[in-house]
Amino acid sequence: LAFCLQNLICNGFFSLEELNKRIESFPYKHHDSVNKPKAINSVEKTTIGGNAHENWTLIRMLPLLIGDRISEVTNAWKVILIHKQIVELVFAPEISETYVIHLTHLLKELRGLLFSLQIPLIPKHHFVEHYPELIRRFGNLIHIFTLRFESKHCFFKKIARMVKNYKNITKSFAEKHQLHQALLQCQNDLFEPPIELTRSVSIVSIDVLSEEIKIALKEELGNVAFISHSNCVKIDGMDYHTDMVVVSGFIGGLPRFFLISMIIVEQGKIFFLCREQESCLDDKLWAFQLVDTRNIVVLTHSDLSDYYP
């Protein structure tokens, strides 16, 4: 990524200062705002710095950040777009055989582009070419990737900094870890509830809603006079907010997008009142452009094709 950014900067598409300014001013929302990428100090090195989550956000957002400045599709820009597609496929919670085959072709194309740009290959470039076969054997790699172990390792690094004593450090780790686990179990909140309302719940009369919303709610909830709604809910550990976009079903191989307008709580169940979005894939940015269709749809969590909003 550092080499490609350096190549684009040297060709005059944008400057490092402009890129950093856009990274800082971009309106990140919800989950992305937590893992907002940091400014890049230099592209002369082999890496751009930052942790895994920050760089994950950066590679997904990079076409939106600087795509308008790319007047000519160069090999360096192709590497960034292919890299983005590979990351999205590898980290997908569900993937079909069609996309596994597509991932294989993307990896071959990426290898050819790296050779053309004379980017030195490292062992990771070889390992990633085995991912399609690993997906066929073990399923979606996001369910077995090592980032959760890296997160667990942060606990022990914090302990090492606090105790400032490296004599028999493994014993210190074991004792403090077990004490921490005992504390969590005593608090009775080791496991989160499947549904958690993280914001206050309001009650509104059906009569004040538009006719389209009334019809959609009646089909799903029946004849109700009042509904309870909230702006945020956590389901199985995943936060859902109003104005988030979710995917439910496919048309012609492309996902159907829905914008969450209201989160309804009825008899202990969660319903998403959504507006369907018309989508168009932009090949230059490798991102979907959405247009509101005003079509009102009520979805449940089980209707989502991807739990990640």
Side-chain angles (χ1 to χ4, degrees), residues 23 26-38 50-61 64 84 87-88 90-95 140-152 154-155 184 187-204 213 216-217 220-221 227-249 255-277 279 287-288 290 292 296-309:
I23 290 176
F26 189 80
Y28 303 95
K29 290 186 177 182
H30 308 302
H31 304 294
D32 293 328
S33 62
V34 179
N35 302 308
K36 178 180 176 180
K38 294 183 175 64
N51 60 39
H53 277 109
E54 292 168 353
N55 290 336
W56 188 1
T57 303
L58 178 61
I59 192 63
R60 290 190 298 108
M61 297 298 176
L64 299 178
K84 179 179 185 292
V87 168
E88 290 176 344
V90 169
F91 284 98
E94 294 184 11
I95 186 171
N140 306 92
L141 299 183
I142 192 173
H143 300 309
I144 56 174
F145 73 155
T146 60
L147 202 58
R148 299 315 311 150
F149 297 96
E150 295 288 346
S151 178
K152 186 71 174 180
C154 290
F155 171 82
L184 291 177
Q187 292 176 337
N188 295 322
D189 59 355
L190 184 60
F191 300 103
E192 295 181 346
I195 298 177
E196 182 181 0
L197 295 170
T198 54
R199 301 279 176 85
S200 59
V201 177
S202 304
I203 299 177
V204 63
I213 295 178
L217 291 177
E220 192 69 37
L221 305 179
I227 59 170
S228 303
H229 71 95
S230 177
N231 292 330
C232 181
V233 65
K234 182 179 288 188
I235 303 177
D236 295 334
M238 179 62 67
D239 287 316
Y240 296 89
H241 299 258
T242 53
D243 294 333
M244 278 186 169
V245 176
V246 293
V247 174
S248 177
R256 295 178 64 192
F257 295 97
F258 297 86
L259 178 70
I260 300 177
S261 301
M262 185 183 297
I263 299 173
I264 300 171
V265 186
E266 185 68 24
Q267 297 179 354
K269 298 181 180 179
I270 301 298
F271 299 90
F272 300 114
L273 182 69
C274 306
R275 299 201 307 269
E276 187 171 2
Q277 308 291 302
S279 62
F288 286 96
L290 304 182
D292 196 346
I296 304 296
V297 179
V298 178
L299 301 174
T300 62
H301 187 258
S302 60
D303 292 328
L304 304 184
S305 302
D306 185 356
Y307 67 87
Y308 197 93

Working to the nearest 0.5 Å, report the span between [atom1] of [X] and [atom2] of [Y].
X: L58; Y: N35; atom1: CG; atom2: CG; result: 12.0 Å
X: E88; Y: W56; atom1: CD; atom2: CH2; result: 10.5 Å
X: I264; Y: L221; atom1: CD1; atom2: CG; result: 6.0 Å
X: L299; Y: F272; atom1: CG; atom2: CZ; result: 8.5 Å
X: S33; Y: H31; atom1: OG; atom2: NE2; result: 9.0 Å
X: I270; Y: L197; atom1: CD1; atom2: CG; result: 5.0 Å

Can you see which heavy atom on [X] is nearest to which on [Y], and at what distance?
X: I142; Y: P93; answer: CG2-CA, 4.0 Å
X: M61; Y: D32; answer: CE-OD2, 2.9 Å
X: S279; Y: P255; answer: OG-O, 3.9 Å
X: I227; Y: M262; answer: CD1-SD, 3.8 Å
X: L147; Y: A52; answer: CD1-CB, 3.8 Å
X: R60; Y: K84; answer: O-CE, 3.0 Å

Walk me through it: do L64 and F26 pass the test side chain to side chain contact (heavy atoms under 4.5 Å, CB included)? CA-CA 9 Å; L64 299 178; F26 189 80; 4.2 Å; yes
Is there a side-chain contact between [X] and [Y] in this structure, where contact means two heavy atoms from C-beta onward sitting under 4.5 Å apart?
X: Q277; Y: F288; answer: no
X: Y28; Y: P37; answer: yes
X: H229; Y: S202; answer: yes

H143 backbone acceptor or donor facing N140 side chain under 3.5 Å: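 Not confirmed, N140 side chain does not pair with H143 backbone.
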Is there a donor-acceptor pair under 3.5 Å between the side chain of E54 and the backbone N or O of N51?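 Between the backbone of N51 and the side chain of E54 there is a qualifying donor-acceptor contact (under 3.5 Å).
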State whether the number of non-hydrogen atoms from other residues, nucleotides or ligands found under 6.0 Å of K38 atom NZ is greater than 12.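 No, NZ of K38 has 12 or fewer neighbouring heavy atoms, counting only those of other groups under 6.0 Å.
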Under 6.0 Å from the CD atom of E94, do we count more than 12 heavy atoms belonging to anything else shown?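 Counting other residues, nucleotides and ligands, CD of E94 stays at 12 neighbours or fewer.
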Qualifying salt bridge (Lys or Arg N to Asp or Glu O under 4.0 Å) pairs, either residue in residues 235-246, two or more places apart: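 Of all non-adjacent pairs touching residues 235-246, none passes salt bridge (Lys or Arg N to Asp or Glu O under 4.0 Å).
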For a quick test of your reading: what N or O donor-acceptor pairs under 3.5 Å do the side chains of residues 300-309 make, sequence neighbours left out?
unit_1, atom_1, unit_2, atom_2, d
T300, OG1, S302, OG, 3.0
T300, OG1, D303, OD2, 3.0
H301, NE2, Y240, OH, 3.0
D303, OD2, T300, N, 2.9
S305, OG, G249, N, 2.7
D306, OD1, Y308, N, 3.0

Before you tell me yes or no, could you show the steps for I203 and S228 under side chain to side chain contact (heavy atoms under 4.5 Å, CB included), namely the whole-Å CA-CA distance, both residues' side-chain angles and the distance that decides it to 0.1 Å? CA-CA 4 Å; I203 299 177; S228 303; 3.8 Å; yes
Are S248 and R256 close enough, and set up right, to give a side chain to side chain contact (heavy atoms under 4.5 Å, CB included), and what steps lead you there? CA-CA 6 Å; S248 177; R256 295 178 64 192; 5.7 Å; no
Which pairs with one or both residues in residues 260-275 pass side-chain hydrogen bond (donor to acceptor under 3.5 Å, both in side chains), sequence neighbours excluded?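 Passing the test, one end in residues 260-275: S261-R275, R275-D292.
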